[in-house]
Each structure stands twice: as C-alpha cells, then as structure tokens.
Protein chains: 2
Amino acid sequence: MATDVLVAEPGATLAAIASAAGVSRTTLHSHYPTRQALLRAVAERAMRVCAEAISGAAEGGGDVLARVVAALVPVGAHLAFLWRNPSFDHDPELGARWLEIEGELRDVLEVAREEGSLSADLPDWWSVHALFALVYVASENIFLGRLAPLDAPGLVLATLTSRRDAIPARIGRPR
Amino acid sequence: MATDVLVAEPGATLAAIASAAGVSRTTLHSHYPTRQALLRAVAERAMRVCAEAISGAAEGGGDVLARVVAALVPVGAHLAFLWRNPSFDHDPELGARWLEIEGELRDVLEVAREEGSLSADLPDWWSVHALFALVYVASENIFLGRLAPLDAPGLVLATLTSRRDAIPARIGRPR
DNA sequence: TCGATCCTGAACACTCATGTTCAGAATGCT
DNA sequence: AGCATTCTGAACATGAGTGTTCAGGATCGA
C-alpha cells in the first residue's frame with residue numbers, strides 16, 4: 001500500500017511507490033496524474049479511514065473510550081502518514097477535513113466524560129490531541145515489535161485515564 | 001534557525017534554508033558540504049539539546065518529573081524535527097544516540113517513580129515514549145497559539161500522572 | 001591602510017524525479 | 001476468436017535541486 005511506503009519515507013520516489021504497490025510507474029500515473037494528486041488521495045483515504053474508525057466506535061453503549069482507542073490503534077499507519085506530512089498543515093481543504101475529524105473524536109470523548117470513563121478536568125481539545133499522540137506512539141511500537149497489538153489499547157487507556165485496570169497483565173510492572 | 005524551517009518543511013530547499021538562516025547558499029555549502037551533512041548536524045544538535053534538557057533536569061532533588069517536562073517543552077521544535085524525520089530511523093549512529101537519550105529519560109522517570117510522582121504500573125519504555133509524545137503535542141499547540149507556554153508542562157504532567165493539581169487553573173474545565 | 005578572513009552573487013554542469021507519449025503485451029469479457 | 005480495457009516497458013523532454021567554482025565585496029583586527 002502506498003500509505004506504508006509514504007509513512008516510512010515521505011519523500012519516496014514515484015517509482016518506489018509504484019513498485020511497492022506492484023504496478024508500473026506508468027499505471028500509477030494513469031490513476032494519479034501528478035504526485036500531489038497521489039498524496040492528496042492517500043491523505044483523503046487516511047482521513048476517511050480514521051473518521052470511520054471513530055464514528056464506528058461511537059455507536060453502541062458502554063465504554064466508548066475503550067472502543068474508540070481500540071478502533072484507532074489498527075489505523076495507526078494512516079495516522080502516522082497524516083501526522084508526519086507537514087504539507088497538509090498548509091492545505092486548507094485537508095486541514096478543514098481534519099478539524100472535522102477532531103470534532104468527531106471530541107464528541108466521542110464528551111460522551112466518555114459523561115460515562116465517567118474520562119476525567120473532565122482536562123480541556124477537550126487537549127484530550128483529543130493526547131489520544132491521537134498516544135495511539136500513534138502505540139502503533140509505532142507495535143510496528144517496531146515492542147508492543148503486542150492487543151495490549152496497545154490498554155496502555156493508551158491507562159495513560160489517558162489512570163484506570164489501572166486497563167493495563168494489560170502481560171505488561172504491568174508488578175515486581 | 002535551520003531546525004525551524006526543516007520542521008515546517010522537511011524537504012525544504014537548501015536555498016530556502018540558507019535564506020531563512022540569513023546566509024547565502026554558498027556560505028551554507030561552505031559550512032555543510034552536502035545536504036546530508038546539514039541534516040546530520042541539525043539532528044545531532046537537536047539530540048544534544050534534548051539530552052542537555054534531560055540531564056539538566058535530573059540534577060537537584062524534588063519533583064524531577066515536573067522539571068524534566070518543563071525542560072523539554074521549550075525544545076519541542078527539536079523533538080519535532082527528530083520525530084518527523086524518518087530518515088533517521090535508518091541511520092544506525094543517530095539511532096543509537098537516540099536510544100541513549102531515551103535511556104537517560106528512562107533513568108529520570110525511574111527516580112520519579114521512586115519519588116512517587118509517577119505511577120509504577122506502566123512499563124518504563126512506554127512512559128518514556130508517552131512523555132515525548134505529550135511534550136511534542138504540547139509544543140505543537142503552543143506553536144499554534146492554542147496553549148500558553150507556561151501552562152504546557154502542567155497539562156503534560158496531569159495527563160501523565162493523573163495529578164489533578166498539576167492542571168493550570170486557567171485551563172481547567174470546572175464549569 | 002593593509003591584509004586576512006569570511007561572505008556573496010552569479011554562473012555552470014550534473015543528477016534525478018517528474019510527467020508524457022506510445023507501441024505492444026496481458027487480461028478479461030462475449 | 002475477436003474485442004475492449006488495462007497494464008507495461010521504454011524512451012524522451014523538462015524542471016528543479018545540488019554541488020562546485022570564482023571573482024569581487026564586506027568586515028575586522030593589526
């Protein structure tokens with residue numbers, strides 16, 4: 001997938017991206033006329049994936065916070081792509097789309113606060129950013145093999161909420 | 001400073017970097033013969049700055065955790081440069097240096113655990129990464145004007161330790 | 001004032017990613 | 001088999017960034 005290559009190397013050649021995607025550079029160009037178009041498409045897809053993860057987790061009752069974290073961890077690569085690509089900071093359209101997504105997550109966190117699973121002491125925007133950052137860190141460590149995918153949501157949750165019961169037993173430091 | 005330009009735009013032209021630094025491209029080349037040399041130098045400086053912030057905070061008794069967070073927030077731009085530059089992930093020398101820095105922070109956090117200011121439930125490596133990530137988020141929001149520099153350490157601390165007393169009064173959500 | 005040092009703008013060659021075109025191969029559908 | 005669609009490899013032009021050189025200007029101390 002183009003996302004993976006671009007996460008590892010944002011300046012990757014179109015030739016490299018094409019070969020990683022298993023197609024020729026010519027074919028790549030037929031789909032995305034220009035490099036910018038490709039980056040845009042990847043970014044839009046990444047945002048869609050993230051948005052779906054969030055809205056999917058928003059449905060249903062009970063521990064929303066746990067669900068949204070668990071849903072975001074697997075899409076960490078997309079998060080990383082968006083996050084590590086400063087070019088999008090200056091693109092108004094993508095920037096607006098991202099603000100929407102932050103808004104959706106903020107709504108979810110608001111519900112989590114009402115549920116009592118998230119402290120209401122911190123500013124909502126901060127909780128949103130902290131969650132994204134922690135999810136990113138978790139998925140990075142999964143990628144590096146330091147963290148088991150199933151343990152990741154627990155770590156993020158425990159950090160974000162101080163719920164010690166969320167810490168995966170495999171990982172705790174009881175000593 | 002070259003760091004600032006490269007944080008905002010990792011693929012920035014040497015001409016752009018030079019003009020941002022207030023020198024001619026020729027002069028830049030005389031200092032750093034090649035682009036790679038420049039990036040290396042910036043990375044090494046960034047790491048040195050971070051390392052000094054950490055070791056500086058390690059000295060002295062009392063709330064080490066608060067000191068190290070407060071010391072790292074101002075160097076967030078350097079953190080951002082290192083973090084957003086995947087090319088360093090593959091450079092063995094710089095990678096080793098970064099592991100050293102993580103180790104230094106880990107030692108500091110170990111002291112914080114003994115002090116009782118940091119929960120001992122989470123794995124040490126996770127605390128290290130979470131701290132870096134939260135500091136980065138804080139400094140990004142400072143840059144964007146959403147967060148007052150003096151409030152940042154409190155937010156990071158509160159998130160990392162659930163110490164509600166660390167939350168800046170200006171920022172809390174008492175309602 | 002002289003000399004040393006550093007900086008500067010301009011010019012140049014060179015490499016490399018990009019974007020385009022096209023004829024032919026591969027694939028799939030009827 | 002015939003046809004349409006898609007993919008492919010190769011070639012090419014172009015532009016941009018890079019690295020180099022050099023003659024001249026600026027700065028500063030002796």
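Only heavy atoms go into these numbers, but all of them, side chains included; no hydrogens, no water, no symmetry mates. Proteins get letters first, then strands, A, B, ... in listed order; numbering begins at 1 in each.
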In whole angstroms, how far is the [atom2] atom of [N] from the [atom1] atom of [X]?
{"X": "A:H29", "N": "C:dG19", "atom1": "NE2", "atom2": "P", "answer": "4 Å"}
{"X": "A:R35", "N": "D:dA16", "atom1": "CZ", "atom2": "C1'", "answer": "14 Å"}
{"X": "A:L39", "N": "C:dT18", "atom1": "CG", "atom2": "P", "answer": "10 Å"}
{"X": "A:E9", "N": "C:dA17", "atom1": "CD", "atom2": "C1'", "answer": "14 Å"}

Please say whether more than 12 non-hydrogen atoms of neighbouring residues, nucleotides or ligands are located less than 6.0 Å from [atom1] in [X].
{"X": "A:E114", "atom1": "CD", "result": "yes"}
{"X": "B:E115", "atom1": "CD", "result": "yes"}
{"X": "A:Q36", "atom1": "CD", "result": "no"}

Quick one: bend of the helix from C:dT1-D:dA30 to C:dT30-D:dA1 from 5 pairs per end, to 10°? 30°

Please encode protein proximity along nucleotides 23-28 of chain D as a string of B, S and -, counting only heavy-atom distances under 4.0 Å. ------

Base, sugar-phosphate, or nothing: which does A:T26 touch, judged by heavy atoms less than 4.0 Å apart? base

List the steps and the verdict of side-chain contact (heavy atoms from CB on, under 4.5 Å) for A:L147 and B:W125. CA-CA 10 Å; A:L147 180 58; B:W125 62 265; 4.0 Å; yes

Give, for atom CG of A:L82 and atom CG of A:L94, the distance between the pair rounded to the nearest 0.5 Å. 8.5 Å

Between [Y] and [X], do the side chains contain a donor N or O and an acceptor N or O under 3.5 Å apart?
{"X": "B:S30", "Y": "B:T27", "result": "no"}
{"X": "B:S127", "Y": "B:R106", "result": "no"}
{"X": "B:E140", "Y": "A:H129", "result": "no"}

Does anything in residues 16-25 of chain B come within less than 4.0 Å of DNA chain C? Heavy atoms only, and list the residues if so. B:G22, B:V23, B:S24, B:R25

B:L14 side chain, from C-beta outward: closest of D:dC7, D:dT18, C:dG19: D:dT18

As a test of reading the structure: which of D:dG17, D:dT20, C:dT18 is closest to the side chain of A:T13, going by heavy atoms? C:dT18

Has A:H31 got a side-chain N or O lying under 4.0 Å from the OP1 or OP2 atom of D:dC7? yes

Stepwise side-chain contact (heavy atoms from CB on, under 4.5 Å) test for B:R35 and B:L38: CA-CA 5 Å; B:R35 179 191 182 85; B:L38 170 63; 5.6 Å; no

Using the rule given for salt bridge (charged side-chain N to carboxylate O under 4.0 Å, His left out), can you reason through A:R40 versus A:E93, listing the C-alpha separation, both sets of side-chain angles and the distance that settles it, and then say yes or no? CA-CA 10 Å; A:R40 247 198 120 69; A:E93 193 172 334; 3.1 Å; yes

Parallel, tilted or perpendicular, judged at 30° and 60°: which one describes the rings of B:W83 and B:Y136? perpendicular

